[in-house]
Amino acid sequence: MRKCPPALLTALALVACSSGAKAPASRRAAQPLDPESIRQFANPLPVIPALTPDSTSGGVDHYTVTAQQGTHDFGLRRMDGTEFRDPATGKAIVTTSWGYNGPYLGPTIEARSGRAVVVRYVNDLRGADGARLKKHLLRVDPTLHGASGGEPEIRIVPHLHGGHSAAGFDGNPEFWFGNDPAAAANGEGGPAGNAVEYTYENDQRAATLWFHDHAMGITRLNVYAGLAAFYVLRDAEEDALGLPAGAQEVALVLQDKSFNDDGSLAYDTLPLVNPYTGAAVLDADGLPVLSSKPEFFGNAITVNGVVWPFLEVEPRRYRFRLLNGSDSRFYNLWMEVTGGSGAPTVTQIGNEQGLLPASVVTGAGPGPAGLLVAPGERADLVVDFAAFAGQVVTLRNDANAPFPDGDPVDSLTTGRIMQFRVKAAASGADGSALPAAPAQQPVLAAPALTRVVDLQELVDIYQLPDSGAQVPRLELRLNGLRFDDPVTETPKLGTVEDWVIVNTTVDMHPMHLHLVAFQVLEKGSFDPDGFTRAAAGNMPVLAPGALHPDTDPEGRVKGAGDFNPLYALAPNEAGLKDTVRIPPGGYVRVRSLFDRPGRYMWHCHILSHEDHEMMRPFEVVP
């Protein structure tokens with residue numbers, strides 16, 4: 001379970017730590033759907049299609065990506081294959097969701113390095129009656145920054161995660177836009193109307209990127225509703241490697257969900273209470289104010305938008321571009337052969353920012369032998385099924401939630417991801433290959449500056465704007481600051497900086513820096529007595545010798561039998577990355593080149609943490 005801060009108030013403990021789900025009042029008749037009642041490995045894995053450009057001219061590809069609401073089939077069926085029925089209506093259940101150019105998720109944009117892409121993003125979120133939506137699909141928390149000032153509930157802003165984008169096209173969370181074509185600009189830098197046009201220069205090497213919504217205060221809700229899609233960059237270097245391609249190249253987006261018995265998406269909310277009286281906080285209409293928790297863990301696993309799917313594969317190599325698109329859940333992945341021994345070899349050839357300097361064999365078993373993937377991270381994998389003709393292989397997960405010291409997974413539900421059914425024979429010879437030589441990596445210069453930044457878990461009291469009621473809030477902070485405090489990280493344009501990110505919390509945080517592709521140089525623990533928290537607006541201070549590379553908080557060093565490997569660089573963290581895991585009571589040193597001017601974000605990619613203030617702007621200045 002989450003380790004809560006000291007019990008200041010009973011009410012605070014209820015808000016921050018309870019794991020009970022509570023459906024919104026408008027859907028109170030719906031009850032949670034038992035995940036153990038959902039059949040597994042009966043739905044074929046949906047293959048995510050590539051988006052066709054609207055036009056290709058002048059060396060530029062033009063696309064239109066439209067946010068829409070629709071009904072999506074997540075593959076929810078009973079164990080005997082029959083449909084679930086809505087208890088209120090008796091009809092087969094359906095799930096209302098959001099997506100790009102469809103009801104859930106979106107097609108992949110395939111781009112080439114050096115060839116620009118222009119995307120027109122449109123917010124056309126409408127109900128079944130065709131009217132523009134005014135209420136969100138999920139409960140909006142009115143106490144979170146970005147949602148507490150009367151902002152419309154239906155607002156979006158896209159972010160190309162991992163893209164080397166100009167600041168104006170990066171998806172600043174305050175640059176949101178609604179679904180009304182006649183709307184005025186939002187006053188925070190967002191455009192008028194219901195559409196934007198972003199240019200991506202693609203001046204970076206081949207990589208598995210993705211784009212998702214990034215609107216302030218509701219990022220977690222918009223992504224959970226379905227606003228996410230792949231953006232794959234290809235280049236000549238990768239083309240020449242002979243990697244599995246065509247039907248043997250498959251994109252996988254892993255997400256955990258919970259459902260109600262009417263088919264609707266469930267997202268945990270809890271009633272807020274006044275910390276002084278213990279009474280429920282009511283909104284202007286006299287209804288309880290419901291707040292999301294600072295973490296969300298669904299009880300069912302979906303891949304490409306279907307619960308526990310299967311994929312038929314031939315006994316040959318396959319390339320899987322894997323994305324952890326979940327809110328808060330980490331996955332520690334490994335392969336298990338049903339009724340057999342051994343497991344297919346899983347070779348990681350790349351991470352978020354392209355090919356690794358050397359391939360890494362991973363996913364051999366549970367625990368430290370598994371492939372750990374945090375929210376926002378991607379893994380480019382080649383899996384060889386050649387020796388497993390006619391067998392069934394299950395992709396398993398054993399990462400605690402929260403990670404690393406939370407509750408164990410349920411081996412019957414969240415401990416299972418999907419199945420691979422290996423055919424008896426291949427349709428032809430496998431002409432694919434693994435990278436035979438190390439991939440060349442960009443080399444960053446020595447840093448002009450080393451910054452120390454820290455991750456904090458604090459408690460704050462909020463005052464609601466409509467009623468004036470005070471409510472407790474577990475708030476995640478960077479350097480003790482809220483999002484709208486003055487900018488404190490101001491790298492100079494064209495310079496390299498090292499950031500030492502110190503984690504003073506009990507959870508692991510996947511930290512994402514926009515704009516940059518960074519090198520992960522060092523991990524370890526730190527001496528709390530050598531760490532001084534920053535005064536507002538200043539960097540924290542580390543005394544000489546306060547950092548202990550390759551050493552866990554218990555003092556055990558890398559190489560010792562009981563050393564915790566979370567406190568040392570993993571082989572698949574080499575090369576360039578854009579999201580890095582910071583262990584609890586530990587630190588990570590990353591090196592980045594800040595080569596575009598303007599304001600960008602750095603934040604935890606546990607989306608609930610991001611929405612609970614664990615996000616700050618940095619500004620690249622002349």
Side-chain angles (χ1 to χ4, degrees), residues 16 140-153 155-159 161 167-168 170-177 186-190 212-223 291-295 327-328 375-376 451 453-465 471-491 499 501 503-505 507 509-516 533-540 579 582 598-621:
V140 172
D141 184 339
T143 67
L144 294 180
H145 177 69
S148 61
E151 298 86 353
E153 292 194 4
R155 51 195 164 84
I156 66 172
V157 59
H159 166 56
H161 183 129
D170 185 59
N172 185 310
E174 295 186 306
F175 291 3
W176 53 263
F177 51 99
N186 67 30
E188 298 289 348
H212 60 84
D213 192 73
H214 210 258
M216 180 68 74
I218 55 171
T219 293
R220 71 201 187 287
L221 303 181
N222 288 354
V223 174
S291 172
S292 60
K293 297 183 292 185
E295 284 160 352
D327 183 298
S328 306
R451 296 181 187 272
V453 295
D454 76 317
L455 317 180
Q456 302 177 15
E457 199 167 87
L458 306 174
V459 174
D460 270 322
I461 302 296
Y462 281 67
Q463 184 164 302
L464 298 184
V471 295
R473 160 79 59 215
L474 182 65
E475 190 170 274
L476 292 305
R477 298 275 192 92
L478 302 177
N479 280 0
L481 301 173
R482 292 177 172 158
F483 178 86
D484 57 355
D485 286 327
V487 175
T488 52
E489 283 70 56
T490 54
W499 287 22
I501 308 173
N503 183 1
T504 69
T505 80
D507 292 334
H509 297 278
M511 298 304 298
H512 171 47
L513 276 68
H514 289 207
L515 172 65
V516 299
R533 276 239 170 92
N538 296 313
M539 290 189 291
T579 307
I582 319 295
R599 181 166 293 198
Y600 294 89
M601 303 296 133
W602 67 289
H603 60 85
C604 180
H605 220 279
I606 293 175
L607 297 181
S608 293
H609 287 186
E610 174 185 335
D611 279 348
H612 282 76
E613 295 282 349
M614 206 168 203
M615 176 166 61
R616 289 276 295 152
F618 68 87
E619 188 155 358
V620 183
V621 300

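Since the model is a prediction, treat every value here as computed from it, not as a measurement.
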Worksheet entry | Ile582 side, atom CD1; Ile501 side, atom CD1 - distance, nearest 0.5 Å | 4.5 Å
Fill in: Heavy-atom pair with the smallest gap, counting every atom of Pro375 and Ile606
CG-CG1, 4.4 Å
Practice prompt. Return the minimal non-hydrogen interatomic distance between Asp327 and Ser608, and the atom names on each side.
Written response: OD1-OG, 2.8 Å
Discussion item. Please check this pair: side chain of Arg616 against backbone of Phe483, looking for a donor-acceptor N/O pair closer than 3.5 Å.
Written reply: yes
Worksheet entry | Gap separating the OG1 atom of Thr505 from the CZ atom of Arg477, nearest 0.5 angstrom | 14.5 Å
Practice prompt. Check side-chain contact (heavy atoms from CB on, under 4.5 Å) between Asp213 and all other residues, then give those that pass, not counting sequence neighbours.
Written response: Tyr100, Ile156, Ala215, Asn222, Leu227
Item to complete: Using the side-chain hydrogen bond (donor to acceptor under 3.5 Å, both in side chains) rule, take His514 and His603 through it: C-alpha gap first, then chi angles, then the decisive distance, then the call.
Response: CA-CA 9 Å; His514 289 207; His603 60 85; 3.2 Å; yes
Discussion item. His509 vs His609, test: side-chain contact (heavy atoms from CB on, under 4.5 Å). Steps then yes/no.
Written reply: CA-CA 9 Å; His509 297 278; His609 287 186; 3.2 Å; yes
Worksheet item: Of the non-hydrogen atoms in Glu489 and Trp499, which two are nearest, and what is the gap between them?
Response: CG-CH2, 3.9 Å
Discussion item. Nearest 0.5 Å, please: how far is CD in Glu295 from CG in Leu607?
Written reply: 12.0 Å
Worksheet item: Just wondering, do Met511 and Thr579 contact through their side chains at under 4.5 Å, heavy atoms?
Response: no
Discussion item. List the residues meeting salt bridge (Lys or Arg N to Asp or Glu O under 4.0 Å) with Glu153, not counting sequence neighbours, and say none if there are none.
Written reply: Lys135
Worksheet item: Would you call the rings of His212 and His161 parallel, tilted or perpendicular, where under 30° means parallel and over 60° means perpendicular?
Response: tilted
Practice prompt. Side-chain contact test, heavy atoms from C-beta onward, threshold under 4.5 Å: evaluate it for Met614 versus Pro294 and give yes or no.
Written response: no
Discussion item. Could you tell me if Asp454 and Thr504 have a donor-acceptor pair between their side chains, going purely by distance under 3.5 Å?
Written reply: no
Worksheet item: What residues, two or more places apart in sequence or in another chain, satisfy side-chain contact (heavy atoms from CB on, under 4.5 Å) together with Ala167?
Response: Tyr600
Fill in: Residues that Val487 engages under side-chain contact (heavy atoms from CB on, under 4.5 Å), provided they are two or more places apart
Thr490, Arg599, Pro617, Glu619
Response to the item:
Scanning both residues in full, the closest heavy-atom pair of Val157 with Gly171 reads CG2-CA, 3.9 Å
Practice prompt. Just jot down the side chain to side chain donor-acceptor pair (under 3.5 Å) partners of Trp176, sequence neighbours excluded, or say none.
Written response: none
Worksheet item: When you check the side-chain N and O atoms of His605 and Glu610, is any donor under 3.5 Å from an acceptor?
Response: no
Fill in: 4.5 Å side-chain heavy-atom contact, Leu515 and Asp170
no
Worksheet item: Is Glu613 close to Leu476 at the side-chain level, that is, under 4.5 Å between some pair of heavy atoms?
Response: no
Discussion item. So, applying side chain to side chain contact (heavy atoms under 4.5 Å, CB included) with Leu455, which one of Leu478, Asp507, Asn479 is it?
Written reply: Leu478
Worksheet item: Of all heavy-atom pairs between Asn186 and Glu174, which one has the smallest distance, and what is that distance?
Response: ND2-O, 3.4 Å
Discussion item. Can you list everything that forms a ring pair (Phe, Tyr, Trp, His ring centres under 6.0 Å) with Phe175? Sequence neighbours excluded, please.
Written reply: none
Worksheet item: Taking side chain as C-beta onward, heavy atoms only, is Asp141 less than 4.5 Å from Arg220?
Response: yes
Item to complete: Enter the distance from His612:NE2 to Ser291:OG here, rounded to the nearest 0.5 Å.
Response: 5.0 Å
